[in-house]
Each structure stands twice: as C-alpha cells, then as structure tokens.
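Quick note on labels: first sequence line is chain A, next is B, and so on, each numbered from 1.
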Amino acid sequence: MTKKTGTAIALGVLAAAAALLWIAGGHALAAEAVYPAERAGTWWQRNVNLRLRTLWRRQNYAVANASLRRENDALKMALFSLTSAKPPAEAPRDWISAPVLSRGGVMGVRNRVRVGRGSLDGVTPGAAVAAPEGLVGRVSQVSPHTAVVTFITDPECRVSVQVETPGGEHGAVFGILSGGGAETVASADLSVLYVVNPLRVQHLKRDLVLPPRAKIVTSGLGGVFPRGLTVGFLTDETREDETRLERTGKVVPAVDFPALEDVFIRREN
Amino acid sequence: MKTEVARTAALLLGLVASAALQDASPALWGAKIPFLLAFACAAGTPAALAAGFFADALGFTPFGCSVLFFAAAGLALRTWPVPTVAALPPLAFCHVVWCYAWGADVPLPAAPFAAATLAVPAGAVYGVLVPFVRRHAGLDRRQSGEEPRG
C-alpha cells in the first residue's frame with residue numbers, strides 16, 4: 001500500500017467517524033466541549049473584569065448594580081409567572097436564569113445565542129425564552145449544560161400573538177408574528193451593523209385599522225409561549241396584505257437582542 | 001509513543017481552545033475571527049477535519065459544509081504549502097461565501113470581507129504560535145518527513 005493510498009484511507013475513515021459522531025449528537029458534543037471555557041469567560045467578565053473597571057474608573061457601585069439588576073430581572077419573571085398562571089389547574093411555571101455564553105455561534109449567525117443552562121437544569125427543546133422586557137424566542141437545541149436559543153427575529157419563527165386594543169371594544173385581535181427575513185441583503189449599509197429587521201404580524205382582521213405603537217403580546221394559543229408576554233409594538237398603521245382579505249403590520253421588538261446578557265427559560269414543573 | 005500522545009493531546013486542546021475563542025468572540029460586521037480555520041491551516045489535514053466538524057456543530061450549518069471546505073483547504077495547503085498568514089484571508093472569505101451558499105444566515109456582502117480582514121491577525125498569530133509550540137514542546141514530526149507549516 002502506498003503512502004497516498006494510506007492517507008486517503010485514513011482520511012476516509014476519519015470522515016466516516018465524524019459523520020457517525022454527528023449523527024450520534026455532534027452539536028451536543030461540540031457545545032459541551034467548549035462550555036467550560038465559555039463559562040469561565042463569562043465568570044471572568046462578570047466577576048473580575050467588572051471589578052477591574054470599578055477599580056480603574058472608580059465606579060464603586062457597578063458590581064452592586066449589576067447584581068441588583070439580575071436579581072430584579074429574576075423577581076420580575078417570578079411575578080409574571082405568578083400573575084399569568086390560571087388557578088387552580090395550572091401551577092406557576094418556573095423560569096430559570098441563563099447567562100448568554102456566545103452570540104451567533106462560530107459563523108456570527110444573527111438570530112441565535114448559546115446560553116449556559118441545559119438538560120441537567122430541566123431545559124427542554126421548544127421551551128419559551130423571555131427577558132423582563134418581553135419575549136426572546138425558544139430553545140432549539142439542548143446539551144447537558146448548554147442550550148441554543150433561536151430569537152423571534154429568525155424568519156422561520158412563528159408566534160401566535162394578540163394586539164392590545166384600547167378599551168378592548170374590538171374584542172380579541174389575533175395574528176401570527178414572524179421574523180424579519182433577509183432584508184439586509186438589499187440594504188448593504190445595514191448589513192455592516194447589527195440591525196434587527198422589523199418583525200411582521202399577519203392575518204389580522206381586515207376591518208380594523210390598528211394605530212402605531214399598539215402593543216403586541218403573546219396570545220397563549222398553542223401552549224408554547226405563555227399568554228401576555230410583550231412581543232413588541234407596531235411601527236405604523238396596519239395595511240391590507242396582497243390578498244386584500246387581511247391586514248399586516250411591522251413590529252419593533254420589545255427586547256434589545258444585541259444587549260442581552262441573561263435570559264429566562266421556562267421549565268416544566 | 002509518548003510524543004504521539006502529547007501531540008494528540010496538544011492538538012485536541014488547541015482545537016477546543018480555538019472553537020471556544022471563536023464561539024465566544026463578538027461578531028464584527030457579521031463575521032467572527034476565524035480561529036478554527038487558522039488552526040486547520042496550521043495543524044494539518046486530520047486536524048482540519050476535526051476543526052470542520054466543530055465549525056459545523058457550533059456554526060448552525062449542515063454537516064459537511066465546513067468539514068468539506070476545511071478538508072479541501074487542508075489538502076490544498078498540504079499540496080501547495082503556503083504560509084498560514086497568506087492563505088488564511090482568501091480562505092476565510094471563501095468559507096463565509098461557501099457557508100452562505102449552504103444556507104447559513106450571515107449578512108452579505110459585509111461578512112466575507114470582514115472575515116478576510118479578521119483573518120490577517122489570526123493567521124499571523126497561528127502562523128507563529130503553532131510552529132513555536134511544536135518546536136519547543138517536542139511535538140515536531142520531522143522524523144516522519146512532514147514539514148511543519150508556518
């Protein structure tokens with residue numbers, strides 16, 4: 001056997017082994033392999049880097065403020081959980097805090113982050129993810145210590161929503177929210193910065209023109225996202241869609257996605 | 001035997017460190033510093049396959065996307081040896097375009113140019129660091145005729 005043949009066979013065996021490993025759970029394996037380093041990086045950022053900044057900039061309250069902010073966020077989510085439960089049949093769901101470890105993976109994909117909670121903490125695929133400001137997205141992949149969260153800005157994400165109308169005289173106005181899609185391709189300047197495209201809400205009642213800044217919340221239909229979570233606000237009046245049978249509108253999300261440092265994942269009790 | 005074990009351990013450590021660095025680093029103009037590609041170029045073809053596996057697993061791309069690209073890059077550099085610092089920018093550019101063709105949600109046209117720009121310092125670091133570690137840690141494979149890539 002020549003050296004080249006041996007090399008080709010070795011590469012073929014390696015490729016087959018990689019394929020088998022992928023099928024067996026490649027995502028989870030890779031996520032677990034980098035988890036210790038990323039967790040250490042997050043710990044450094046929050047406990048050492050912040051204190052060094054406090055020292056150099058004399059920001060004596062920076063560490064305490066960051067800790068209080070996280071505690072405040074956790075209390076807000078606990079309050080939301082208690083107020084949105086339907087007694088007595090449904091017990092309040094548990095929201096667990098998860099630090100953001102990385103944004104966009106190794107390719108800088110815009111609509112996903114990896115967080116530092118996994119199946120060992122009770123996180124399941126499809127679980128709702130939120131911040132105190134509003135809905136963030138859902139869990140798409142899980143490993144023992146990490147999870148990948150897909151944002152609602154992803155074009156393949158669909159959320160059943162409800163529009164809050166003043167006084168409620170128009171009854172429930174339901175719609176379907178979807179991510180903004182690849183509109184930045186057409187606007188080359190926007191693709192230089194991290195810009196969240198407006199979301200789209202569709203299948204709204206044709207007879208009702210909704211005003212700008214109307215609040216969009218989750219409807220709770222489908223059982224994935226709890227009812228009442230703020231999703232965003234209409235940017236303009238709703239318009240008739242191409243079929244002229246329904247109305248559609250653009251929504252600016254309530255959550256500041258690039259600034260997320262911690263998210264809350266809903267766990268089954 | 002000990003050298004081979006140490007070499008494999010060093011490769012694995014370097015691979016995981018490169019993956020963690022690239023995953024945790026911020027995206028600049030839609031691209032990340034291509035540590036994994038730099039590692040693949042500097043460390044040889046088998047390591048390139050493993051780096052491609054990590055890139056697919058952590059990059060939300062289908063399996064085979066980065067594995068094929070990294071394997072091809074590793075084989076090409078083995079056939080036509082070019083310093084990592086020179087090879088990495090065009091490879092990083094092509095890799096982003098390749099991943100976009102496979103369906104990765106990366107912003108064009110900024111991301112390939114950003115990746116090529118970010119690849120310059122990464123290539124310089126890996127081009128110097130990997131041969132240095134090989135020589136001083138006794139991991140060089142000169143006895144088998146394989147030239148270390150710089």
Side-chain angles (χ1 to χ4, degrees), chain A residues 3 7-8 10-11 13-15 17-19 21-23 25-31 33-42 45 100-112 114 140-141 143 148 150 153-156 179 181-182 184-185 187-195 258, chain B residues 12 15-37 45-68 71 74-75 78 95-96 99-100 104-111 113-115 118 144-145:
Chain A
K3 190 180 176 187
T7 306
L11 284 176
V13 168
L14 275 171
L21 202 58
W22 183 271
I23 294 165
H27 291 106
L29 183 70
V34 301
Y35 169 73
E38 290 182 342
R39 194 67 200 230
T42 306
Q45 184 70 20
V100 172
L101 299 178
S102 70
R103 301 169 200 278
V106 296
M107 286 304 300
V109 168
R110 289 170 287 185
N111 298 313
R112 299 187 192 186
R114 182 168 290 108
S140 51
Q141 290 172 15
S143 71
V148 173
T150 301
T153 53
D154 188 87
E156 295 184 3
T184 51
V185 175
S187 309
D189 54 337
L190 287 179
S191 63
V192 175
L193 305 172
Y194 186 95
V195 176
Chain B
L12 280 173
L15 175 64
V16 172
S18 304
L21 273 172
Q22 185 166 343
D23 194 45
S25 61
L28 302 169
W29 296 282
K32 293 219 172 174
I33 306 173
F35 290 113
L36 277 171
L37 188 57
T45 312
L49 275 175
F53 176 87
F54 266 83
D56 278 334
L58 299 175
F60 312 117
T61 46
F63 178 74
C65 172
S66 294
V67 169
L68 285 173
L75 281 170
R78 190 187 178 99
H95 181 232
V96 174
C99 288
Y100 180 80
D105 185 19
V106 288
L108 288 188
F113 292 99
L118 295 169
S144 66

Working to the nearest 0.5 Å, report the span between CG of A/Leu29 and CZ of B/Phe54.
6.0 Å
If you look at every heavy atom in A/Ala37 and B/Ala20, which pair is closest and at what distance?
CB-CB, 3.6 Å
Interchain contact, B/Val67 with chain A, by part (heavy-atom threshold 4.5 Å)
neither
What part of A/Val148 is in contact with chain B, defined as an atom under 4.5 angstrom from a non-hydrogen atom: side chain, backbone, both or neither?
side chain
B/Leu75 portion near chain A, given a 4.5 angstrom heavy-atom threshold
side chain
How long is the gap from CZ on B/Phe60 to CZ on A/Arg112, to the nearest 0.5 Å?
6.0 Å
Below 4.5 Å, heavy atoms only, C-beta onward: do B/Leu58 and A/Met107 meet side chain to side chain?
no
Select one option (side chain, backbone, both, neither) describing which atoms of B/Ala27 are under 4.5 Å from chain A's heavy atoms.
side chain
What's the separation between atom CZ in A/Arg103 and atom NZ in B/Lys32, rounded to the nearest 0.5 Å?
9.0 Å
B/Leu36, part contacting chain A, at a heavy-atom distance under 4.5 Å:
side chain
Rounded to the nearest 0.5 Å, how far does CG of B/Asp23 lie from CD of A/Glu38?
4.0 Å
Does atom CZ of B/Phe113 have more than 12 heavy-atom neighbours from other groups under 6.0 Å away?
no
Ignoring hydrogens, what is the shortest heavy-atom contact between A/His27 and B/Asp56? Give both atom names and the distance.
NE2-O, 4.4 Å
If you tally heavy-atom pairs under 4.5 Å against chain B, which of A/Gly41, A/Ala30, A/Pro36 wins?
A/Ala30
